[in-house]
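One structure is given below, encoded as structure tokens.
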Amino acid sequence: MGRFHYLKVGLGMVLVFVGAKMVASDIYRVPIGVSLAVVAALIGGSVVVSLLTPPGAAPVPVHERGGRPVATPLPEDGPH
């Protein structure tokens, strides 16, 4: 599962599609075949994109105090 780093994005998009479909169900009914095609395209597309692109670089660690990157020196708090 580590190879499919865009799968979460694809599943999130599926949830948005299903939610929008539920909200609009009184106005317009999406055919079952179209729904299945959209879900398959979103999940399949996220898997294909995951396999074609390498995972991003590791995030820069952030210091807990002040939100500055660890490589940035923190100002002194004063004499201790």
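Remember, it's a predicted structure, so these values are computed and weren't measured experimentally.
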Would you kindly confirm whether [X] and [Y] end up in one hydrophobic cluster when ILVMFWY residues are joined by side chain heavy atoms under 4.5 Å apart?
X: Val16; Y: Val30; value: no
X: Met22; Y: Ile32; value: no
X: Val47; Y: Leu52; value: no
X: Leu11; Y: Leu42; value: yes
X: Val34; Y: Phe17; value: yes

Any chance you could measure Lys21, atom NZ, to Ser35, atom OG, to the nearest 0.5 Å?
-> 3.0 Å
Is there a donor-acceptor contact under 3.5 Å from the side chain of His5 to the main chain of Thr53?
-> yes
So, the side chain of Ser46 versus the backbone of Val9: is there a donor-acceptor pair under 3.5 Å, distance only?
-> no
